[in-house]
Number of protein chains: 2
Amino acid sequence: MNQHTQYSKGCAACQDRTDIFGGLCQSELNQIDDKRIEVHFKAGELIFKQGTPNMHFLCLTQGKVKTYIEGYNNKNLILGVVKPVEYILGPGIYADQMHHFSAMAIEDSVACLVDLVTFKSLIRTNADFAEDFLKKVSLQSINNYELFISLTQKQMPGRIADVLLYLKDKVYETNPFHTTLSRQDLADMSGMSKESAIRILREFKDENIIQVNGNDFEILNADHLVKISQTG
Amino acid sequence: MNQHTQYSKGCAACQDRTDIFGGLCQSELNQIDDKRIEVHFKAGELIFKQGTPNMHFLCLTQGKVKTYIEGYNNKNLILGVVKPVEYILGPGIYADQMHHFSAMAIEDSVACLVDLVTFKSLIRTNADFAEDFLKKVSLQSINNYELFISLTQKQMPGRIADVLLYLKDKVYETNPFHTTLSRQDLADMSGMSKESAIRILREFKDENIIQVNGNDFEILNADHLVKISQTG
DNA sequence: CAAAGATAATGACATATATCAATATATCTA
DNA sequence: TAGATATATTGATATATGTCATTATCTTTG
């Protein structure tokens with residue numbers, strides 16, 4: 001990606017492409033704009049790391065970012081994939097000012113960093129914005145509950161089905177779709193070894209539920225995938 | 001528990017026993033007090049159920065409550081045990097007005113129900129209260145991340161170790177402790193079958209890490225439990 | 001107190017899943 | 001382009017964990 005083709009018309013322009021700034025007036029948007037740092041990340045680059053201080057509110061304007069918890073034995077658990085225009089919010093902002101998960105660009109990406117002082121002051125002064133934020137946090141929480149059930153109560157086919165449906169419906173929003181996620185990433189999203197993830201994908205392929213060619217996926221039988229997701 | 005020995009001096013009295021009302025002035029406390037319904041639950045009674053409308057903000061003043069997600073095949077995942085004075089907050093409040101998990105009294109309990117209109121209006125008008133609330137939500141979120149890692153990346157001994165340490169340090173805050181949680185509950189907290197939970201407990205007993213007698217537990221070697229928790 | 005019902009404990013067995021090793025394929029780099 | 005490195009795939013095997021059946025223990029209730 002060319003560094004000069006960047007999207008830098010300010011927060012007002014982004015406002016058209018998302019709902020998260022809907023509760024802000026022009027002067028409030030300017031507050032954010034003034035404190036905004038636009039940063040470009042190459043695919044594979046770490047955006048922030050679990051365990052480091054959380055100093056900024058981060059808004060993704062281009063590319064895709066995976067968020068993941070670094071667990072034991074170098075095993076990661078991918079919480080989700082963020083796409084533009086969406087912010088990446090960690091619970092540390094209002095707790096211990098630390099990052100509780102890491103974020104890595106899986107495509108060349110552009111993110112805006114806003115210092116937390118500005119962000120928190122807006123939360124305090126604009127009740128609509130605070131409510132919108134609470135709503136976002138809540139929706140993320142609901143997603144986490146679904147992830148909990150998927151990871152702890154479903155067998156491997158159900159978990160892989162959930163990942164495929166998530167990618168199709170929530171991340172790429174197309175079918176077929178191309179992903180830059182590796183097989184290891186798919187495994188980290190479904191809490192299994194990469195060998196197991198590969199095996200399940202092959203089974204789905206053999207049963208004509210999906211078509212796979214490298215990193216190109218097509219869901220051929222979404223209903224069947226939903227059924228597999230539900231029956232564990 | 002005798003219905004007449006109830007704690008009913010109003011929110012101001014509860015304020016001494018918790019931090020959650022710290023950001024409220026007297027008139028705001030009165031607002032809550034006016035809309036407050038105090039309800040007694042017997043052990044085993046359902047307080048609210050996943051999938052039903054979420055109409056109240058709930059504050060536990062006596063007893064203990066387990067919160068759990070109802071998954072597939074009648075399998076539950078216990079998120080945690082709430083003790084007084086703490087509120088039980090679901091993400092539905094700011095999302096779809098639904099309960100996303102269930103709550104059940106595991107001891108005779110008393111809870112205050114406050115309608116959400118009052119609660120939300122306080123969030124809008126009192127920035128300190130809103131920040132305190134965000135902090136609570138964030139801490140809960142951080143706990144959930146730890147639970148994620150425990151449930152998805154640790155083997156059974158590590159998961160049972162986490163449950164035992166959680167009960168000792170966070171729920172009962174004594175050692176030895178007595179619990180009203182069944183073996184099935186312990187299994188639902190650690191994402192395994194009750195038979196497996198029982199087996200691991202016996203192993204810990206045989207290794208003199210814990211002492212178990214029915215529902216009376218004593219952690220004899222906490223350091224060892226911590227080590228087991230860390231090595232998976 | 002005895003009977004009944006629930007909960008707990010244990011063993012035998014089945015199976016889902018991880019691990020290890022080998023090979024294949026893709027991607028990078030000199 | 002060739003070599004090197006990373007990633008993907010497959011098969012054989014080990015193991016963690018669930019399921020089922022049985023017995024034991026506790027708790028309730030008439």
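Keep in mind that what you see is a predicted model, and the values were worked out from it rather than measured. Residue numbers begin at 1 in each chain, while the letters A, B, ... track the order of the sequences.
- Listed by chain and residue number, B/Asp206 satisfy the salt bridge (Lys or Arg N to Asp or Glu O under 4.0 Å) test with B/Arg202 (two or more places apart in sequence, or in another chain).
- A straight line from CG of A/Asp216 to P of C/dA26 spans 12 Å, rounded to a whole angstrom.
- Straight-line distance from the CG atom of A/Leu186 to the C1' atom of D/dT7: 13 Å, rounded to whole Å.
- Using a 4.0 Å heavy-atom criterion, one finds that A/Ser182 contacts the sugar-phosphate atoms exclusively.
- The CD-C1' distance, from A/Gln184 to D/dT7, rounds to 10 Å in whole Å.
- Atom CZ of B/Arg159 is separated from atom C1' of D/dG18 by 11 Å (rounded to the nearest Å).
- One interatomic measurement links the two molecules: CG of A/Asn215 to C1' of C/dT27, which rounds to 12 Å at whole-angstrom precision.
- Judged purely by atom type and a 3.5 angstrom limit, A/Lys205 uses its side chain to pair as donor or acceptor with the backbone of A/Val212.
- To the nearest angstrom, P of C/dA8 lies 11 Å from CG of B/Asp188.
- The interatomic distance linking B/Arg183 (CZ) with D/dT25 (P) rounds to 14 Å, in whole Å.
- Contact of the B/Leu89 side chain with the B/Gln140 side chain is registered, since non-hydrogen atoms from C-beta on lie closer than 4.5 Å.
- Of the candidates D/dT17, D/dT9, C/dA18, the closest approach to any side-chain atom of B/Pro157 belongs to D/dT17.
- Nucleotide D/dT9 holds its C1' atom 16 Å from the CE atom of A/Met192, rounded to whole Å.
- If you look at A/Phe217 and A/Tyr172, their ring centroids are not closer than 6.0 Å.
- Scanning residues 194-210 of chain B for heavy-atom distances under 4.0 Å to DNA chain C yields B/Glu195, B/Ile198, B/Arg199, B/Arg202.
- Aromatic pair B/His99/B/Phe48: ring centres closer than 6.0 Å.
- The main-chain N or O of B/Leu134 is found under 3.5 Å from a side-chain atom of B/Ser138 such that the two form a donor-acceptor pair.
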